[in-house]
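Numbers restart at 1 for each chain; the letters A, B, ... are given by sequence-line order, proteins then strands. Owing to the predicted nature of the structure, the values given are computational and were not obtained by experimental measurement.
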Amino acid sequence: MVIYDSHQRKKVKFEPIKEKEVRMYVCGPTVYDDAHLGHARSSISFDLLRRTLESLGYKVTFVKNFTDIDDKIIKKMNETGKSLKEITEYYIDSYLRDMGALNVKRADIEPKATESLEAMFDLINKLLEKGYAYKLPNGDIYFDTSKDEEYCQLSHKCQDDEVVHRVETEGKKNPADFALWKACKGENDVCFDSPFGPGRPGWHIECSAMIKKHIAYDGEYEIDIHGGGADLFFPHHENEEAQTHCAYGGHLAKYWMHNGFVQINGEKMSKSLGNSFFVKDALKHYPGEVLRFYLMSTHYRAPLNFSEEDLIASKKRLDKLYRLKKRVYGVNKKQEDKEFQNALLNAMRDDLNISKALAVVDEFVKVANEALDKNPKDKALKQKIVSNIEFIDKLLGVGGSDAYEYFQAGVDEETKAKINELIEKRSAAKKEKNFELADKIRDELKEMGIMIQDTPAGTVWEKV
RNA sequence: GGCGCCAUAGCCAAGUGGCUAAGGCAGGGGCCUGCAAAGCCCUGAUCCCCGGUUCGAAUCCGGGUGGCGCCUCCA
């Protein structure tokens, strides 16, 4: 496996800390709103990484957190009058539902900030003891970046001059210092008891603490891979790394991976720009699998400029896989096609080269169709095709649905009955060579958004 | 201002020193079909511009032009 390490800024051979095992942590969402396409893309990217590692035979422990303490959540509480728990539980459910629809596998461990406070206390205490943190008169605790000689060596994104506009806080020693603990600020604040007095944790502390609590090794690196959106590299990941190595000595992660953004009209999609698309809205128009296929079809590090036109082109590509699947409907797999599996894996093991992988899939579909045209009754061939589609589903997370349901999604039973009735009528007309009537019925179906195909096994239909 | 990324056919997108520059969508032609649809076959680019290195560059170096991101919450 070769991956691009953001720290080294190049592709490197992946060598896990412990043989055949991978521990990875991906920054999850702050649960104050529904997931947008950017969250979806990040999830899918690391889901592909996980599936690839698993297919290569690694035992993967995958952790993705929920940030359920945050300024934006508090803001939402004040706006809605709802409790922290009401808000965060609602959006955690919503997130999991959306990602489930996109066929993203659940993480093995899904820690929440609110459930990891003890681990954060320990971390903050260590930093205070070792002199890497200082307390302000108002009770806030900050990380002292000037004490950490390695600060900024991870992302290389710091600078010496003061052109930076950082969060200005009274009493901070250096502009780059960041909050580890924010003391309780009054009635409307959310506060937790702590050894440092009532308050709440800073944003960066939780990831370091949760990694330590759940999956950290004791040696030079706590985990193998730490992932997240490209925007998190600095300052978020830089700060996590600083906290961890200052408190515990080891580096946080051996490899750092970051996914590129979803853009709208060439600009980053974000709430502040008012151009974000929610996953749940996209799912009203397209099946999750189609959305997944589209979002993953651009390499995870490259920006993806969202366009409905491209999404439709992408859907048509996936349609072809499912039409092939229809041709082998009901057949069980018997034996695995190692040659195909290796071709697909070899593409993905090169820093998730999805373009190459999808080209392998396209080629397989074409060759399979060709072979089926020649030998429509070749059972061994069909079994091999079934096996390959199963492998595509396992590795890429697409192609696992029922082939007929895929094309007929969103059509209610009543309409289905009517469609079947019309098709029967048309078949009868065809039998009597009444092609005029048959074509008329076909047009009628077309107007309903239904395309039909006459096959040796009878007429089948698809929703356009 | 600091640190980076990107620019390949109408569109999406691989390839990063060397046979005829992957693949998909759209378009054109054909086979199949009662006609279609689906499927299959054929069909398209010398790689943003300029200069350099090299026997040889889309691929390396320098300089442009254009676009994007982080440095402030952010996937």
Which nucleotide, in any strand shown, forms a Watson-Crick or G-U wobble pair with [N], with both distances under 3.5 Å?
N: C48(B); result: G64(B)
N: A9(B); result: none
N: C35(B); result: none
N: C55(B); result: G18(B)
N: C3(B); result: G69(B)

Using a 6.0 Å distance limit plus a 45 degree cone around the ring axis, check whether Lys315(A) lies over the aromatic ring of Tyr286(A).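 Because its charged atom misses either the 6.0 Å distance or the 45° angle limit, Lys315(A) does not stack over Tyr286(A).
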
Identify which nucleotide among [options] has an atom closest to any side-chain atom of [X], counting heavy atoms from C-beta outward.
X: Leu232(A); options: C40(B), A75(B), A37(B); answer: A75(B)
X: Lys430(A); options: A13(B), G34(B), C25(B); answer: G34(B)
X: Ser355(A); options: C35(B), C70(B), A13(B); answer: A13(B)
X: Lys157(A); options: A14(B), C70(B), C35(B); answer: C70(B)
X: Arg317(A); options: C40(B), G34(B), G23(B); answer: G23(B)
X: Lys316(A); options: C11(B), C25(B), G39(B); answer: C25(B)
X: Glu267(A); options: G69(B), C35(B), C70(B); answer: G69(B)
X: Asp310(A); options: G23(B), C11(B), A38(B); answer: C11(B)
X: Gln453(A); options: A37(B), C40(B), G23(B); answer: A37(B)

Value in whole Å for how far the [atom2] atom of [N] lies from [atom1] of [X]:
X: Lys431(A); N: C35(B); atom1: NZ; atom2: P; answer: 20 Å
X: Asp33(A); N: C73(B); atom1: CG; atom2: P; answer: 18 Å
X: Ile423(A); N: A37(B); atom1: CD1; atom2: C1'; answer: 12 Å
X: His258(A); N: C3(B); atom1: NE2; atom2: C1'; answer: 14 Å
X: Leu311(A); N: G24(B); atom1: CG; atom2: P; answer: 19 Å
X: Asp362(A); N: C12(B); atom1: CG; atom2: P; answer: 18 Å
X: Asp34(A); N: A75(B); atom1: CG; atom2: C1'; answer: 15 Å
X: Arg9(A); N: C5(B); atom1: CZ; atom2: P; answer: 7 Å

Could you check whether [X] gets within reach of a base, just the sugar-phosphate, or nothing at all, counting any heavy atom under 4.0 Å?
X: Lys366(A); value: sugar-phosphate
X: Thr298(A); value: sugar-phosphate
X: Asn369(A); value: sugar-phosphate
X: Asp70(A); value: nothing
X: Val460(A); value: nothing
X: Gly38(A); value: base
X: Arg41(A); value: nothing
X: Phe233(A); value: nothing

Any side-chain N or O of [X] less than 4.0 Å from the OP1 or OP2 oxygen of [N]?
X: Arg442(A); N: C35(B); value: no
X: Asn305(A); N: G67(B); value: no
X: Lys268(A); N: C70(B); value: yes
X: Lys374(A); N: C40(B); value: no
X: Asn259(A); N: A75(B); value: no

Do Asp231(A) side-chain and G69(B) base share a donor-acceptor contact under 3.5 Å?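 No pair found.
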
Distance criterion of 3.5 Å, no angle test: do you see the side chain of His36(A) paired donor-to-acceptor with the base of A75(B)?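 By the distance-only test, yes, there is a pair.
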
Let me spell it out: for each of His204(A) and Glu370(A), pick the nucleotide of RNA chain B with the closest heavy atom. Which residue's pick is nearer the 5' end?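 Its nearest nucleotide being more 5', the pick is Glu370(A).
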
So which one's nearest nucleotide on RNA chain B is more toward 5', Ile312(A) or Gln263(A)?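 Going by which nucleotide is closer to the 5' end, it is Ile312(A).
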
Donor-acceptor pair, side chain of Asn103(A) and main chain of Gly397(A), under 3.5 angstrom: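 Checked: pair present.
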
Can you tell me, in whole Å, how much space there is between the [atom1] of [N] and that of [M]?
N: U16(B); M: A58(B); atom1: C1'; answer: 8 Å
N: A7(B); M: U20(B); atom1: P; answer: 24 Å
N: G23(B); M: G56(B); atom1: C1'; answer: 27 Å
N: C31(B); M: C5(B); atom1: C1'; answer: 47 Å
N: A75(B); M: A38(B); atom1: C1'; answer: 39 Å
N: G30(B); M: G67(B); atom1: C1'; answer: 42 Å
N: C73(B); M: G4(B); atom1: P; answer: 22 Å
N: G15(B); M: C6(B); atom1: C1'; answer: 16 Å

State, with a plain yes or no, whether a side-chain heavy atom of Phe178(A) is found less than 4.5 Å away from one of Thr145(A).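 Sidechains of Thr145(A) and Phe178(A): in contact.
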
Close side-chain approach of Met348(A) to Ile354(A), heavy-atom, < 4.5 Å: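 SC-SC contact between Met348(A) and Ile354(A) confirmed.
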
Can you classify the ring geometry of Phe340(A) versus Phe391(A) as parallel (below 30°), tilted (30 to 60°) or perpendicular (above 60°)?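 Ring orientation, 0 to 90° scale: perpendicular.
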
Would you call Arg200(A) and Asp189(A) a salt bridge, taking side-chain N to carboxylate O under 4.0 Å as the test?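 Salt bridge flag = yes for Asp189(A) with Arg200(A).
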
Asp443(A) bridged to Lys446(A) by N-O distance under 4.0 Å: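 Looking at Lys446(A) together with Asp443(A), the answer is no, because their closest N to O distance does not fall below 4.0 Å.
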
Spacing of His237(A) atom NE2 and Leu252(A) atom CG [to the nearest 0.5 Å]: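 CG of Leu252(A) is found 8.5 Å from NE2 of His237(A).
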
Decide whether Asn353(A) and Ser355(A) meet the rule of one side-chain donor and one side-chain acceptor closer than 3.5 Å.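 No - no donor-acceptor pair under 3.5 Å links their side chains.
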
Check: Tyr95(A) ring centre within less than 6.0 Å of Phe66(A) ring centre: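 Aromatic pair counts; centres sit under 6.0 Å.
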
